Amino acid sequence: MTRAEARVEPGGTLGVFGGGQLGRMFGIAARQMGYRFAVYSDDVGGPASQIADVAVQGAYDDEEAVASFARQVDAVTFEFENVPAIAGATAVKHTLVRPDGSLLHTVQDRTREKQGLVSIGLPVAPFHAIASAADLEAARERIPGAGVLKTSSFGYDGKGQARIADGSELAAAWTALGEVPCVLEGLVPFEEEISVIVARGAGGDVAIYEPFANEHTNHILDVTVCPAALEPAVAQEVERIARAVVEGFDVVGVLCVELFRLPDGEILVNEIAPRPHNSGHVTIDAHSCSQFEQQVRAVAGLPLGSSERVGPPAAMSNLLGDLWSAGAPDFAAALAIPEVSLHLYGKAEPRPGRKMGHLSATAPTAEQAAARVRAARAALTGE
Ligand code: AMP
């Protein structure tokens, strides 16, 4: 077995960089399969640390601390994409790092990410990189109409973004974003936002979930419906794109491809999240092997599981801290609705906009599952 295919048997230790809910759900899946679970994070007592066998607090660029952590684990992964590259580069000297740091490097910069997607033949919205004021003119020429200006780094959930009606607003928008490197994208008149979760194992096996439809509120994912209602040809195109991403970027692990579906069925790639994704939480309750179990299998070098849904259609709704504004939510009322499951992340402080947990629900149709999960969420606050 080569190093690329190396396996960590159950009983070994799997580590994660990052202490949030994605790390926590990875850890729960790891423990279910008999692994020890270790967390390296720059905060203490967060969602992942609470359930870890080993929780280390340290800076991601503290090479000595990262090296010491890496020596304690048999393989390590990431739960968010902005872990500084130095953490992966340090860890790989001491342990298996999956996926390897190159994918993080690609997606940490939106321009690099889009160029990478184009280089493997995938469709994206028209875009133009803006590194300095000298690039504004060419960007306006390339995208004269409505657009979205995004900072190249550290943007998420709509942060670091500005809509412009046309090129005349570009310079002011760039100044408002701090004149940092940005990418201007043409505004996509999408009909629906969809996502696809895909895993690739150390042996090159690929597992692709059915596409999910996503609704956002205030740029934060609100409800995911599974499956998305897509024409077979469109679903096939989504599958082709998912496979091309993991194979084209040579990924071992789980990632999410976020997509726009245009009115004529055309699909454009918006971005890649190089880890399990909020829209994939529905796989915990609805699918044979959850996105987190797939991540464990991929990171450990085990064969991937089935990505098939085992039961009826499903939906997921996020629980943001706002739901706590009038006191503790009425969890019993939500759970009195049949086929509803509750997932909370162990966060002590329910701030507005903060992801505290999610609900999922199944039902005979996807529409009914969405209605049920919304009803369950409304029941939390007595609506
Ligand atoms: P992002 O951080 O790139 O995922 O963008 C956040 C949200 O902004 C997306 O989920 C879309 O709803 C919207 N958005 C981003 N890029 C575009 C675009 N080029 N055209 C239209 N809407 C966009």
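Predicted model only: the values in this text are computed from it and were never measured. When a ligand or atom number is given, it counts from 1 through the structure's own listing order.
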Just which atoms of ligand 1 are under 4.0 Å from any heavy atom in Glu193?
9 (C), 10 (O), 11 (C), 12 (O)
Closest candidate by heavy atom, reference atom 18 (C) of ligand 1, pool Val124, Leu268, Val148:
Val148
Contact check, Pro189 vs ligand 1, heavy-atom distance below 4.0 Å:
no
Any sub-3.5 Å donor-acceptor pair from Arg200's side-chain atoms to Val251's backbone N or O?
yes
Indicate yes or no: does Asp53 engage Arg31 in a salt bridge with an N to O separation below 4.0 Å.
yes
Does ligand 1 come near enough to Leu187 that some N or O of the ligand is less than 3.5 Å from an N or O of the residue?
no
Any ion pair linking Glu113 and Arg110 (charged N to carboxylate O, less than 4.0 Å)?
no
With a 4.0 Å cut-off, would you call Asp222 and Arg377 a salt bridge?
yes
Hey, can you tell me if Phe17 and Tyr40 have their rings parallel, tilted or perpendicular (30° and 60° cut-offs)?
perpendicular
Under 4.0 Å, heavy-atom basis, I'd like to know which part of Arg110 is in contact with ligand 1: side chain, backbone, both or neither.
side chain
Show the atoms of ligand 1 that are less than 4.0 angstrom away from any heavy atom in Phe190.
12 (O), 21 (C), 22 (N)
Is Arg372 paired with Glu339 through a side-chain N to carboxylate O contact shorter than 4.0 Å?
no
Under 4.0 Å from a heavy atom of Gly186: which atoms of ligand 1 are those, numbered in the order shown and with their elements?
18 (C), 19 (N), 20 (N)
Could you tell me, atom by atom, which parts of ligand 1 come under 4.0 Å of a heavy atom of Gln161?
1 (P), 2 (O), 3 (O), 5 (O), 6 (C), 8 (O)
